[in-house]
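The structure that follows is given in the form of structure tokens.
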Amino acid sequence: MAQAYDVVVVGGAVMGSSIACHLAADPAFSGRILVLEQDPSYQGCASALSAASIRQQYSSPVNVAISLYGIAFLREIGDRLMVDGERPDIGLTEGGYLFLAGAAGAGAMTAGQAMQARLGADIALLDPEALTARFPWLSTEDVVLGSLGLSGEGWFDGYGLMQAFRRKARSLGVTYEAARAVGAQVSGGRVTAVTLADGRVISCGVLVNAAGTGGPDLARALGIDLPVRPRKRMIFTFTCADPVERCPLLIDPTGVYVRPEGTGFLCGTSPAPENDPDCTDYEVEHGLFDEVIWPTLAARVPAFERIRPGRAWAGHYDLNLFDQNAILGPAPGLPNFHLCNGFSGHGLQQSPAVGRGIAELIVHGRYVTLDLSELGYGRIADGRPLTEAKVV
């Protein structure tokens, strides 16, 4: 007998599990939900390999609004995702983001802070003197301005968040199955079933593509081209001999970042576009740390001249080359095929608001609490990028 579900979500990491959780928790929904995850170990998913941070310092107002809800959700995660009296703890640390700007970036930083503050984000602008007073270990040479999240920004256990969503979803009756979706059947302009790599066909009323770096392949099987590519990102850890107290998540004007992690630090950077090919391997390129990241950090924080490197790992962004923003909502010509792709490294922090939003689309046919329609596929089709300038 063929399986049939009201909603099938492809991808069971943080985004797919958030969608399933919000959907199952909606009093107006009473259908059956299936989540398909090709790697139930989750060892290679972005949720497990990310630097797991949250910020409101974006250039796009919609992303600020998404993260304002996100931090409220993370602060209340124990109540929101409690199962059988057990409250998840993701170790949320609101240590703040500190973006540094030289002369070329100061104007955009000032305008960005004004927009962020207008939306309710707690962001302060600091001149070099104020930066030195707050962070005496910081070199402000060539820095004109800093933008610091005083609250609402920081880092957390990303894998823990994913598992909390997954456990809550399962407690609400969501079914998870280890399987890989390779396509779908369409009739009358609607998806009617999803096809699996093992040959099975599962009927569905709604199909959601939350497959991360595998999302473009699933969309392509239904004739939809997503400008999303897998791009490798590496994270390096180290300990420091000298104290660097109250260190926020610091982003140098070059794009190199560092933040505390346990008794040490983790760091990374995004390569220049011309040195950022499509990539699906997990090989760590240690030269990036030795030749780019460490020298940059040591110049910005002199204490980092004396460090001991630790472990390193690689993961992948599902990078939206069109405008570095997520692609959400109904696919063109297939109103019951919902896209949830191209998060460009922001998926963990955006999962609470986006999961809620996609669930609202499915149940109510519209965004109810936060309008995410400007992140729809229409902007791709029309060539109207909603460019996100602050991609770390």
Side-chain angles (χ1 to χ4, degrees), residues 11-19 37 39 41-58 63 66-67 70-71 73-74 77 88 90-95 97 153-166 210-215 228-237 248-251 255-262 264-271 276 279-285 288-289 293 310-320 324-326 340-355 388 390-392:
V14 71
M15 198 60 70
S17 291
S18 175
I19 293 167
E37 172 53 51
D39 177 20
S41 75
Y42 293 99
Q43 292 181 358
C45 72
S47 302
L49 300 172
S50 165
S53 309
I54 184 166
R55 60 183 164 105
Q56 282 86 53
Q57 295 188 63
Y58 285 98
N63 285 333
I66 286 171
S67 280
I71 191 64
F73 187 98
L74 296 184
I77 191 171
I90 59 169
L92 176 63
T93 301
E94 294 188 42
Y97 269 67
E153 297 189 324
W155 47 92
F156 56 93
D157 177 0
Y159 185 81
L161 175 63
M162 179 198 71
Q163 289 292 0
F165 271 130
R166 185 176 185 272
T213 55
V228 177
R229 301 293 182 267
R231 297 296 166 87
K232 184 163 67 175
R233 296 293 181 263
M234 288 162 283
I235 293 177
F236 302 86
T237 66
L249 197 158
L250 170 66
I251 302 96
V256 171
Y257 70 86
V258 64
R259 73 159 173 84
E261 175 71 2
F265 299 86
L266 63 74
C267 59
T269 192
S270 294
D276 193 20
C279 185
T280 56
D281 69 61
Y282 292 87
E283 182 179 351
V284 175
E285 300 164 18
L288 180 65
F289 179 79
I293 296 174
R311 76 184 190 98
W313 64 90
H316 301 93
Y317 279 5
D318 53 335
L319 188 66
N320 178 1
Q324 296 75 53
N325 268 313
C340 192
N341 309 104
F343 286 91
S344 306
H346 307 140
L348 270 170
Q349 61 188 285
Q350 295 191 332
S351 61
V354 170
E388 176 52 57
K390 283 188 175 292
V391 177
V392 177

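Counting from 1, the numbers follow the sequence of the chain as shown.
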Check: Which residues pass the side chain to side chain contact (heavy atoms under 4.5 Å, CB included) test with Leu49, sequence neighbours left out?
Finding: Tyr282, Trp313
Next item on the list: Calculate, to the nearest 0.5 Å, the distance between atoms CG and CH2 belonging to Leu266 and Trp155 respectively.
Entry: 9.0 Å
Checklist line | Minimum heavy-atom distance Ala51-Ile235, with the two atoms named | finding: N-CD1, 3.5 Å
Item checked: Qualifying residues under salt bridge (Lys or Arg N to Asp or Glu O under 4.0 Å), relative to Asp276, sequence neighbours excluded -> Arg231, Arg233
Next item on the list: First locate atom CD1 of Ile77, then atom CD1 of Ile90, and finally report the distance between them rounded to the nearest 0.5 Å.
Entry: 4.0 Å
Notebook entry, point to check: With Arg166, which residues qualify under salt bridge (Lys or Arg N to Asp or Glu O under 4.0 Å), at least two apart?
Noted result: none
Next item on the list: Measure across Pro88 and Ala164 and return the closest heavy-atom pair with its distance rounded to 0.1 Å.
Entry: CB-CB, 3.8 Å
Item checked: Lys390: salt bridge (Lys or Arg N to Asp or Glu O under 4.0 Å) partners, not counting sequence neighbours -> none
Item checked: Contacts of type side chain to side chain contact (heavy atoms under 4.5 Å, CB included), residue Thr269, not counting sequence neighbours -> Val256, Leu288, Ile293
Next item on the list: For side chain to side chain contact (heavy atoms under 4.5 Å, CB included), just list the numbers for Ser50 and Tyr159, CA-CA rounded to whole Å, side-chain angles, deciding distance to a tenth of an Å, and then say yes or no.
Entry: CA-CA 9 Å; Ser50 165; Tyr159 185 81; over 6 Å; no
Item checked: From His346 atom NE2 to Asn320 atom CG, the distance as rounded to the nearest 0.5 Å -> 11.0 Å
Next item on the list: Could you check if a side-chain atom of Cys340 sits within less than 4.5 angstrom of a side-chain atom of Ile19, using non-hydrogen atoms only?
Entry: yes
Next item on the list: Would you mind checking if Lys232 and Glu283 are paired as a salt bridge, meaning a charged N to carboxylate O distance below 4.0 Å?
Entry: no
Next item on the list: Classify the side-chain pair Gln350/Asn63 by whether it contains a donor and acceptor separated by less than 3.5 Å.
Entry: yes
Item checked: side chain to side chain contact (heavy atoms under 4.5 Å, CB included) against Ala13, all qualifying residues, sequence neighbours excluded -> Tyr42, Cys45, Ser47, Met162
Note to self: Just to verify, what does His316 make a side-chain hydrogen bond (donor to acceptor under 3.5 Å, both in side chains) with, not counting sequence neighbours?
What the structure shows: none
Next item on the list: Look only at the side chain of Ser17 and the backbone of Gly12, and say whether a donor-acceptor pair between them is shorter than 3.5 Å.
Entry: yes
Next item on the list: Walk me through it: do Phe156 and Leu161 pass the test side chain to side chain contact (heavy atoms under 4.5 Å, CB included)?
Entry: CA-CA 8 Å; Phe156 56 93; Leu161 175 63; 3.8 Å; yes
Margin query: Could you work out, with side-chain hydrogen bond (donor to acceptor under 3.5 Å, both in side chains) as the rule, every residue matching Ser351, not counting sequence neighbours?
Written below: none
Next item on the list: Could you pull out all residues at least two apart from Asp318 that satisfy side-chain hydrogen bond (donor to acceptor under 3.5 Å, both in side chains)?
Entry: none
Item checked: Shortest non-hydrogen contact from Ser53 toward Tyr97 -> CB-OH, 2.9 Å
Margin query: Once salt bridge (Lys or Arg N to Asp or Glu O under 4.0 Å) is applied, do any residues pair with Glu94, and if so which ones, sequence neighbours excluded?
Written below: Arg75
Note to self: Under the rule for ring-ring contact (aromatic ring centres under 6.0 Å, His included), what residues qualify as partners of Phe265, not counting sequence neighbours?
What the structure shows: Phe238, Phe304
Next item on the list: With rounding to the nearest 0.5 Å, note down the distance linking CZ in Arg229 to OG1 in Thr213.
Entry: 12.0 Å
Notebook entry, point to check: Any idea which heavy atoms bring Arg55 and Gln57 closest together, and the distance?
Noted result: NH1-O, 2.6 Å
Checklist line | Stepwise side chain to side chain contact (heavy atoms under 4.5 Å, CB included) check, Leu249 with Glu153 | finding: CA-CA 9 Å; Leu249 197 158; Glu153 297 189 324; over 6 Å; no
Item checked: Minimum heavy-atom distance Ala312-Phe236, with the two atoms named -> CB-CD2, 3.5 Å
Item checked: Atom pair CG (Leu319) and CZ (Phe343), whose distance is rounded to the nearest 0.5 Å -> 13.0 Å
Next item on the list: Determine the minimum heavy-atom distance between Asn325 and Ser344, stating which atoms define it.
Entry: N-OG, 4.2 Å
Note to self: Could you work out, with side chain to side chain contact (heavy atoms under 4.5 Å, CB included) as the rule, every residue matching Ser67, not counting sequence neighbours?
What the structure shows: Ile54, Gln56, Tyr58, Gln349
